[in-house]
Amino acid sequence: MKITLLTVGKMKEKYLREAIAEYTKRLGRYCTLTIVEVPDEQTPDHASAAQEEMIRSKEAKRLMRHVKEDAYVITLEIGGKHLSSEEFAQTIETLGIQGKGHIMFVIGGSIGLGKEILARSDFALSFSKMTFPHQLMRLILLEQIYRAYRIISKEPYHK
């Protein structure tokens, strides 16, 4: 299975880069992982709704350049579906059984995802009703993908 994390913004924090590198290494035995970063837009303080929509649209266009036609696209959204770790693992396993060879997870910037990428989404996933920094969300997502593969392989880790 090929997994792509398609994200807005660069990873700035060294401790997060190191943790992401660790999970990338761990995932190497289960899948082919690629992380694609697109530049984010500066969001001015007290941006208007129209400014925020324009920013999301620009970022979405950058993201869409990397979305593969045959990929199953999962967007991370506060309003998405909540899954347990076991349900998440089952989702990944089922997609593989259905012949979906490429899953793309899309993490937006600080003000979310634009309409263009939301329209392309095959599944909206939420990790919480809380808001997380998009850089930290990468790490949380990678840990859950790793946990899912351990569950699928019936290996200890997830308890």
With side-chain hydrogen bond (donor to acceptor under 3.5 Å, both in side chains) as the criterion, how do His134 and Thr7 come out once you've worked through the C-alpha distance, each side chain's angles and the decisive distance to 0.1 Å? CA-CA 8 Å; His134 55 282; Thr7 66; over 6 Å; no
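- A salt bridge links Lys14 to Glu18: at least one charged side-chain nitrogen sits closer than 4.0 Å to a carboxylate oxygen.
- Counting all heavy atoms, side chain and backbone alike, Lys68 lies closest to His102 at CG-CE1, 3.7 Å.
- Following chains of ILVMFWY side-chain contacts shorter than 4.5 Å, one cannot reach Met104 starting from Tyr146, and the two form parts of different hydrophobic clusters.
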As a quick check of understanding, evaluate side-chain contact (heavy atoms from CB on, under 4.5 Å) for Leu142 and Leu5, giving each step before the final call. CA-CA 9 Å; Leu142 284 174; Leu5 264 63; 3.8 Å; yes
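- Rounding to the nearest 0.5 Å gives a distance of 11.0 Å between CG of Leu141 and CG of Leu136.
- A 4.5 Å side-chain heavy-atom check between Leu118 and Glu77 finds at least one atom pair inside the cut-off.
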Pair Ser85, Gln144 - check side-chain contact (heavy atoms from CB on, under 4.5 Å), show working. CA-CA 7 Å; Ser85 294; Gln144 284 298 303; 2.8 Å; yes
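- The two residues Arg120 and Glu69 come nearest to each other via the heavy atoms NH2-O, 3.4 Å.
- Atoms CD and CD, on Gln51 and Gln42 in that order, are 12.5 Å from each other to the nearest 0.5 Å.
- Taking the side chain as every heavy atom from C-beta outward, Val106 and Leu76 never approach each other to under 4.5 Å.
- Taking CD1 from Ile145 and CZ from Arg150, the interatomic distance works out to 15.5 Å, rounded to the nearest 0.5 Å.
- Between Ile152 and Ala89, the shortest heavy-atom contact is CD1-O, 3.4 Å.
- Listed for the Arg138 side chain is no donor-acceptor partner under 3.5 Å among the backbone atoms of Ile20.
- Put simply, the side chain of Lys2 does not reach to within 4.5 Å of the side chain of Ile103, judged on heavy atoms.
- The pair Arg62-Glu41 counts as a salt bridge, with a side-chain nitrogen and a carboxylate oxygen less than 4.0 angstrom apart.
- Within the 3.5 Å criterion, the main-chain N or O of Ile78 finds a donor-acceptor partner in the side chain of Ser126.
- Between Lys129 and His82 the shortest side-chain heavy-atom distance falls below 4.5 Å.
- In this structure, the separation between CG on Leu63 and NZ on Lys58 is 14.5 Å, given to the nearest 0.5 Å.
- Glu22 has a carboxylate O that lies under 4.0 Å from a charged side-chain N of Arg26, or vice versa, which qualifies the two as a salt bridge.
- When atom types are taken as modelled, the side chain of Ser57 and the backbone of Glu53 share no donor-acceptor pair closer than 3.5 angstrom.
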Apply side-chain contact (heavy atoms from CB on, under 4.5 Å) to residues Thr91 and Leu125 and explain how you reach the verdict. CA-CA 11 Å; Thr91 299; Leu125 176 66; over 6 Å; no
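- Side-chain contact between Pro44 and Ile55: present, with at least one pair of heavy atoms (C-beta onward) separated by less than 4.5 Å.
- Listed here is the closest heavy atom pair of Ala60 and Ile117: CB-N, 4.1 Å.
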Passes side-chain contact (heavy atoms from CB on, under 4.5 Å), Gln98 versus Leu95? Steps please. CA-CA 5 Å; Gln98 293 173 346; Leu95 288 171; 3.9 Å; yes
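- Hydrophobic clustering (side-chain heavy atoms under 4.5 Å, transitive across Ile, Leu, Val, Met, Phe, Trp, Tyr) groups Leu27 together with Tyr72.
- Contact check for Leu6 versus Phe105: no side-chain heavy atoms found under the 4.5 Å cut-off.
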Evaluate the criterion salt bridge (Lys or Arg N to Asp or Glu O under 4.0 Å) for residue pair Glu143 and Arg147; output intermediate values, then yes/no. CA-CA 6 Å; Glu143 190 280 334; Arg147 183 180 298 267; 2.7 Å; yes
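- The pair Arg56-Glu59 does not meet the salt-bridge criterion, since no charged nitrogen lies less than 4.0 angstrom from a carboxylate oxygen.
- Note on Leu33: it clusters hydrophobically with Leu16, by side-chain heavy-atom contacts below 4.5 Å among ILVMFWY residues.
- Between the side chains of Tyr30 and Glu155, a donor-acceptor pair is found at a separation under 3.5 Å.
- Linking Ile, Leu, Val, Met, Phe, Trp and Tyr residues whenever their side-chain heavy atoms come within less than 4.5 Å places Ile74 and Phe132 in a single cluster.
- Glu52 and Thr43 are not linked by any side-chain donor-acceptor pair at a separation below 3.5 angstrom, with hydrogens and angles left out of the test.
- Hydrophobic clustering places Met11 together with Tyr23 (ILVMFWY residues linked when any side-chain heavy atoms are closer than 4.5 Å, directly or through intermediates).
- The closest donor-acceptor contact from the side chain of Asp40 to the backbone of Gly109 lies at 3.5 Å or more, if one exists at all.
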